[in-house]
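Everything below concerns the one structure shown next.
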There are 2 protein chains.
Amino acid sequence: MPQLHHNRLMPLEDFLPTVAFVAKSLSDENRLRILLCVHEAKKSVSGIVEELNLSQPLVSHHLKELRRSLLVKVERRGPFVYYEIADARIVPILAALKDLATDLLAARTTF
Amino acid sequence: MPQLHHNRLMPLEDFLPTVAFVAKSLSDENRLRILLCVHEAKKSVSGIVEELNLSQPLVSHHLKELRRSLLVKVERRGPFVYYEIADARIVPILAALKDLATDLLAARTTF
DNA sequence: CTCATATATCAATAATCATTTATATACTTA
DNA sequence: TAAGTATATAAATGATTATTGATATATGAG
């Protein structure tokens with residue numbers, strides 16, 4: 001088990017491609033809805049489709065993208081494929097982005 | 001000064017378009033480089049151009065996008081236009097994204 | 001094996017976007 | 001006003017992407 005928690009010692013600047021890649025995965029509203037959906041509980045594709053009222057190919061497409069960025073985990077059980085959030089820390093990060101954005105908007109519209 | 005800090009009470013789900021919009025602004029490596037560049041100090045466009053070795057129109061283009069998402073503030077002084085980070089809280093958020101992404105990658109490559 | 005269902009992939013389309021080159025605008029100085 | 005510099009915008013291009021409709025693959029039931 002070599003270097004545990006080496007992450008916090010590495011400068012942010014060296015990981016900008018990685019950060020940009022993850023941010024791109026978070027840059028679509030439907031993907032964020034799917035991400036929060038599978039954060040509540042492990043969900044099948046059809047479950048997500050019904051819950052979010054999106055087409056099945058669209059959900060599969062976005063799930064593929066979320067898999068590419070490792071934000072979700074997959075598990076096949078019978079004919080169903082279940083997705084769940086890979087790391088719950090993404091949610092407070094999204095909340096922090098929301099807080100920041102709303103503060104910036106509030107400051108912008110305050111005269 | 002109506003409802004201060006109303007943000008934390010609002011559910012994340014209601015702000016997914018906003019979050020997606022900000023995330024899109026963070027989804028380009030050059031924009032992230034510019035953002036960190038103007039985080040160090042207030043910088044002119046030409047200063048950013050030299051420091052990052054990007055073309056001037058490209059830097060102007062990305063600065064426009066960062067302005068659209070309110071992540072940077074602008075100030076004209078003489079012929080120079082200075083940009084600075086609008087809210088320093090974006091940096092720890094980026095660091096958290098980096099930590100999360102590297103952890104996910106490490107877990108992925110651990111067998 | 002056949003059928004029904006769950007999910008993934010393919011093809012096509014329209015839209016968005018990053019980048020470059022060229023040009024326009026804004027400001028300062030002489 | 002004319003010239004020079006700083007920045008922004010425009011036009012063009014190639015690349016990526018979100019979405020849809022059709023089809024393929026995979027799994028389980030009978």
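Each chain gets a letter, A, B and so on, in the order the sequences are listed, and its residues count up from 1. We use all heavy atoms of the structure for the numbers below, so side chains are in, but hydrogens, waters and symmetry mates are not.
Taking the side-chain hydrogen bond (donor to acceptor under 3.5 Å, both in side chains) definition, one finds that A:Gln56 meets it with A:Ser60, sequence neighbours left out.
Comment: B:Lys43 engages B:Glu51 in a salt bridge, judged by a side-chain N to carboxylate O separation of less than 4.0 angstrom. Ion pairing of A:Glu75 with A:Arg77 is present here, as a side-chain N (NZ or NE/NH1/NH2) and a carboxylate O approach within less than 4.0 Å.
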### Full working for salt bridge (Lys or Arg N to Asp or Glu O under 4.0 Å) between A:Asp28 and B:Lys24
CA-CA 8 Å; A:Asp28 182 89; B:Lys24 189 175 298 172; over 6 Å; no

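Within residues 67-87 of chain A, the residues having any heavy atom closer than 4.0 Å to DNA chain D are, in order of number, A:Arg76, A:Gly78, A:Pro79. Residues from residues 42-53 of chain B lying near DNA chain D, meaning a heavy-atom separation below 4.0 Å, are B:Ser44, B:Val45, B:Ser46 in numerical order. Contacts between residues 20-31 of chain B and DNA chain C, defined by a heavy-atom separation under 4.0 Å, are made by B:Lys24, B:Asp28, B:Asn30, B:Arg31.
From the 5' end on, the contacts that DNA chain C makes with chain B at under 4.0 Å to a non-hydrogen atom open and close at C:dC17 to C:dT28. Protein chain A touches strand DNA chain D; the 5'-most and 3'-most nucleotides with an atom under 4.0 angstrom of its non-hydrogen atoms are D:dT17 to D:dG28.
Comparing B:Pro57 and B:Glu65 by the nucleotide of DNA chain C that holds the closest heavy atom to each, the one mapping nearer the 5' end is B:Glu65.
Here A:His62 lies in heavy-atom contact (under 4.0 Å) with sugar-phosphate atoms only. As judged by a 4.0 angstrom heavy-atom cut-off over every strand, B:Gln56 is placed among the base-contacting residues.
When B:Ile48, B:Val72, B:Leu71 are each tested for a side-chain contact (heavy atoms from CB on, under 4.5 Å) with B:Ile34, only one passes: B:Ile48.
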